[in-house]
Amino acid sequence: MTVIDPDTQAGWVPESECEDDAEDMPLSLRLSIADTLTLGNATCGFMAVYFTTTGILIPHLTGSDESGMARHSAATAVILMLLAAVFDLFDGLVARKLRSSPMGAELDNLSDLISFGLAPAYFVLVYGMVADDAYQRVSALAAIVVLLAVVLRLARFSCVTMKDGMFQGMPSPFGALTVVSIVLLELPFVPTLLAIIGVAWLMVSRVEYPKPRGVLAVAMLSWIVAAMGLLAAWAFDAPGGHLLLQTGCALQVVLGAVIPLFATARRVNTFRDNRREARAAQLP
């Protein structure tokens, strides 16, 4: 029975009926554990933008000479992107082990767009504003290229069915971390710009990348933890911290360049083997 308050004309529903309504809630409106991890991914991406703005961009615009603040904020922003990658890794693992809600795939794409599209693109944009030898308008164009590459990659991921265990194009978390590593290497502006555009192209390419499962997932998680340590050492100006960070960034960029070469070589070898088998089958 529903009771009407004569003063407010609002309906009061007994607790038992509320519980029944909760039980009848469509599955599409219920968040699973995997969805919660996905929302953690989006939160990390947003906070990365926040720290990039408050710790790097605003001090630069106000003429602050506190370089330590910028270094700490840059490290914090990148660590948050790394945490977003951890959330992205585990939400897929949890979704496969436990129940996943019908809106899980949409939440994952939207969160990835924030953490691995907007956050690194904004990082590139701010780099173009604070670096001495950078051109702001060209950097803005590079940031747009990164953002659109992630948008296209995520849209294609939703539409194209790949063989099990493979991605088509560089995964957006890997691409975002490679873009940020290129910026942190502090190379001259033109090589930095070309490398960033190259990563954006790899994200929308047809190069196949293995999905992080099993041993590969453990290796990826270990590399993320190591990268966080390198960033922390650099942020707190530890002895050799800058050199360690540069080494880690260089390794990330090398991995981003080498994996496509191995994938292309494997496709070429597979094509040759298929042609050889076809010719052998045609022989009498």
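Interatomic distance, CG of Leu244 versus CG of Leu230, reported as 6.0 Å (0.5 Å rounding). In this structure, OG1 on Thr54 lies 8.0 Å from CE on Met47, to the nearest 0.5 angstrom. Once rounded to the nearest 0.5 Å, the distance linking CD of Gln168 with CE of Met203 reads 14.5 Å. Note that OG1 of Thr247 and NE2 of His242 are 10.0 Å apart. Values are rounded to the nearest 0.5 Å. Interatomic distance, Thr178 OG1 to Met170 CE, rounded to the nearest 0.5 Å: 4.5 Å. Taken to the nearest 0.5 Å, the CG atom of Asp91 stands 5.0 Å off from the CG atom of Asp108.
Side chains of Thr192 and Pro188 form no contact here, defined as non-hydrogen atoms less than 4.5 Å apart. At a threshold of 4.5 Å between non-hydrogen side-chain atoms, the residues Leu37 and Val94 count as touching. Looking only at side-chain heavy atoms (C-beta outward), Leu83 and Met228 come within less than 4.5 Å of each other. Contact check for Leu57 versus Thr52: no side-chain heavy atoms found under the 4.5 Å cut-off.
Under a 3.5 Å cut-off, the side chain of Thr62 and the backbone N or O of Pro59 do form a donor-acceptor pair. Judged purely by atom type and a 3.5 angstrom limit, His60 uses its side chain to pair as donor or acceptor with the backbone of Met129. With Ser73 contributing its side chain and Ile56 its backbone, the two residues share no donor-acceptor pair below 3.5 Å.
Under the 4.5 Å side-chain contact rule for hydrophobic residues, Val204 and Leu113 do not share a cluster. Leu152 and Leu141 fall into different hydrophobic clusters, defined by Ile, Leu, Val, Met, Phe, Trp and Tyr side-chain heavy atoms under 4.5 Å apart, directly or through other members. Both Phe87 and Phe46 belong to a common hydrophobic cluster when Ile, Leu, Val, Met, Phe, Trp and Tyr are linked at side-chain heavy-atom distances under 4.5 angstrom. Under a hydrophobic clustering in which Ile, Leu, Val, Met, Phe, Trp and Tyr are joined whenever their side-chain heavy atoms come within less than 4.5 Å, directly or via other members, Phe116 and Val78 fall into different clusters. Residues Trp201 and Val150 fall within the same hydrophobic cluster, defined by Ile, Leu, Val, Met, Phe, Trp and Tyr side chains chained together at heavy-atom separations under 4.5 Å.
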Residue pair Asp35, Leu39: steps toward the side chain to side chain contact (heavy atoms under 4.5 Å, CB included) verdict: CA-CA 6 Å; Asp35 295 335; Leu39 294 178; 5.6 Å; no

Give the C-alpha distance, both sets of side-chain angles, the deciding distance and a yes or no for side chain to side chain contact (heavy atoms under 4.5 Å, CB included) between Val179 and Phe123. CA-CA 9 Å; Val179 166; Phe123 199 82; over 6 Å; no

Could you walk me through whether Leu147 and Tyr122 satisfy the side chain to side chain contact (heavy atoms under 4.5 Å, CB included) test, starting with their C-alpha distance in whole Å, then the side-chain angles of each, then the deciding distance to 0.1 Å, before giving a yes or no? CA-CA 9 Å; Leu147 179 63; Tyr122 186 71; over 6 Å; no

Go through the steps to decide whether Val253 and Ile182 satisfy the test side chain to side chain contact (heavy atoms under 4.5 Å, CB included), and finish with yes or no. CA-CA 7 Å; Val253 175; Ile182 293 169; 3.7 Å; yes

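Across all non-hydrogen atoms, the minimal contact from Ser115 to Ala119 is O-CB, 3.4 Å. Listed here is the closest heavy atom pair of Pro173 and Asp88: CG-OD2, 3.5 Å. Between Ala48 and Leu80 the shortest heavy-atom distance is N-CD1, 3.6 Å. Ala250 and Leu185 get closest at one heavy-atom pair: N-CD2, 3.8 Å. When all heavy atoms of Ser139 and Val124 are compared, the closest pair comes out as O-CG1, 3.9 Å. The nearest pair of heavy atoms linking Ile224 to Ala85 is CD1-CB, 3.9 Å.
With 3.5 Å as the limit, one finds a donor-acceptor pair spanning the side chains of Asn41 and Asp112. For the 3.5 Å distance criterion, the side chains of Trp234 and Gln246 fail to qualify, holding no donor opposite an acceptor.
For Arg153 and Phe167, the positive end sits near the middle of the six-membered ring, less than 6.0 Å away and at most 45° from its axis.
The aromatic rings of Tyr209 and Phe174 are tilted relative to each other, their planes meeting at an angle between 30° and 60°.
Residues satisfying the ring-ring contact (aromatic ring centres under 6.0 Å, His included) criterion with Phe236, sequence neighbours excluded, are His72.
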